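Counting starts at 1 for both ligands and their atoms, following the listed order. Just so we're clear, the structure is a prediction, and the values are computed from it rather than from any experiment.
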Amino acid sequence: MTGKDGYDLVVVSNRLPVDFTVDDEGHVDWKRSPGGLVTALEPVMQKSDGAWVGWSGAPDLEVDPFDADDMRLVPVTLSATEIERYYEGFSNDTLWPLYHDVIAPPAFHRQWWDAYRRVNQRFADAAAAQAEQGATVWVHDYQLQLVPRMLREQRPDLKIGFFNHIPFPPLELFQQLPWRRQVIDGLLGADLIGFQRAGDASNFIRAVRRLTGYTTRGPIVTVPGDEDRPSRNVRAAAFPISIDSRTFDELARTPEVQARSREIRADLGDPECMMLGVDRLDYTKGIRHRIKAYGEILQDGRIDVEHVTLVQVASPSRENVGAYQELREQVEGLVGRINGEYAEIGHAAIHYLHHSYPPEEMAALYLAADVMLVTSLRDGMNLVAKEYIAARSDDRGVLVLSEFTGAADELAGGALLVNPHDIDGMKDIIVAAANMDVREQRKRMRRLRRRVLADDVSKWSESFLGVLQAMPSRDTPRTHAPSRPTDEAPVEGEGA
Ligand code: F6P
């Protein structure tokens with residue numbers, strides 16, 4: 001930042017794109033955490049003088065803002081109690097299950113809500129302090145839905161965008177939330193609200209109509225003004241996120257990754273078919289459904305462990321939240337039972353790995369896998385499906401993909417779609433995937449790769465920021481039109 005008071009682009013997300021470590025003497029160090037969002041935003045941030053506001057990931061860690069790779073990083077401090085109530089509680093035990101079809105029951109606690117409001121205000125204050133006059137602020141995800149309005153109240157000069165990385169639920173579920181109106185008002189502080197799918201944007205518009213009575217026209221909501229402020233238009237649209245496909249494709253072509261993928265297959269005993277699941281250990285991912293189906297296929301004798309194996313990577317996640325602890329017990333119990341029943345010496349039925357791996361190892365696993373199983377019960381997008389495709393420059397492999405992922409909207413043309421609740425249907429599709437001939441695999445994978453390599457994450461961020469920055473910077477002239485609900489349907493498929 002030179003000769004100015006603030007930054008032209010401020011990104012706000014729950015976590016900063018770096019991992020912090022604190023040694024025994026209390027010395028704080030950090031290293032970049034590889035992630036899609038930072039890859040997408042780094043070039044834009046560097047071009048436009050950007051700052052990133054987010055939590056350090058540890059309790060009570062106070063770190064002054066610092067520069068990294070031409071970005072200003074602004075850590076927000078959270079106490080251990082705030083982590084418990086705002087992050088593990090309201091974000092991940094209230095909103096997360098509520099926004100994912102109540103697969104697990106959401107818990108509603110007033111103390112958690114108070115912490116969510118307080119922490120959102122802290123993020124908003126930090127962003128307001130960083131932004132140059134007229135700057136663009138891009139707020140990310142369900143942990144920070146109140147930030148747009150809190151920010152606008154302090155800084156009406158800003159262009160404010162919000163992107164929801166997870167699904168937005170149908171009104172019938174959303175209205176369970178005791179603070180539903182406050183969440184809608186929080187989001188409506190933005191000028192542009194992005195969702196993964198057109199269906200999420202429609203759910204949001206419908207919630208706005210029913211819960212606020214504001215006028216909506218297609219994807220536009222008119223937020224009425226008051227004595228101090230004119231009315232404003234807010235746009236809600238779909239911008240499906242992607243990955244850094246070129247970089248992933250290149251990584252998977254390196255001799256080291258290719259050699260590692262051969263080594264993985266050899267270590268597994270060179271099976272005819274290696275199946276792979278890669279997920280955060282989360283109840284939304286349908287891991288139990290997938291393993292149940294796989295176990296039944298073994299039981300039915302349609303595959304056997306001498307020829308087929310399943311590698312399940314389940315990376316640790318949100319381990320202090322009860323529903324995640326229960327899931328771990330269930331999945332590990334199921335894996336143990338299936339291995340006990342069907343494994344033979346030298347032939348495990350399931351290789352279960354409760355770890356996270358670096359991108360090189362992930363690319364090698366994808367390359368090694370004949371069949372990739374993505375069986376989420378609900379998923380905003382699912383970037384694992386896109387990584388698998390980006391890794392397969394050999395045009396081989398079959399993607400089995402749940403209908404309930406955002407990715408299914410884009411990848412239906414080449415993937416085998418499944419309903420993970422339909423265990424018999426899923427079993428048939430998994431067996432068909434294992435037996436698919438090479439010509440059919442090639443035809444499908446080429447189609448998938450065309451899509452994933454064309455729509456990468458920089459296109460996503462450019463598209464969102466392009467629409468946001470093209471929106472009129474001044475509030476719309478004051479109108480005295482009565483605000484009343486309309487039944488007009490939102491326009492689907494807006495945006496990228
Ligand atoms: O999918 C939503 C998301 O918040 C991602 O942005 C993130 O990578 C993932 O969930 C894990 O979240 P957490 O920060 O809770 O570990």
Salt bridge (Lys or Arg N to Asp or Glu O under 4.0 Å) pairs touching residues 86-105, sequence neighbours excluded, are D101-R378
Apply the side-chain hydrogen bond (donor to acceptor under 3.5 Å, both in side chains) test between T375 and each candidate in R290, R288, H289; give the one that qualifies.
-> R290
Residues 75-85 vs salt bridge (Lys or Arg N to Asp or Glu O under 4.0 Å), sequence neighbours excluded, gives E82-R122
In terms of side-chain geometry, is the basic nitrogen of R210 or E172 positioned less than 4.0 Å from the acidic oxygen of its partner?
-> no
Which protein residues have a heavy atom closer than 4.0 Å to any atom of ligand 1, listed by chain and number?
-> R15, Y87, N92, W96, D141, Y142, Q143, I166, R280, R318
Ring pair (Phe, Tyr, Trp, His ring centres under 6.0 Å): pairs with one or both residues in residues 176-199, sequence neighbours excluded = F90-W179, W113-W179, F168-F195, F195-F204
So, does S91 use its side chain to make a donor-acceptor pair with the main chain of Y86 at under 3.5 Å?
-> yes
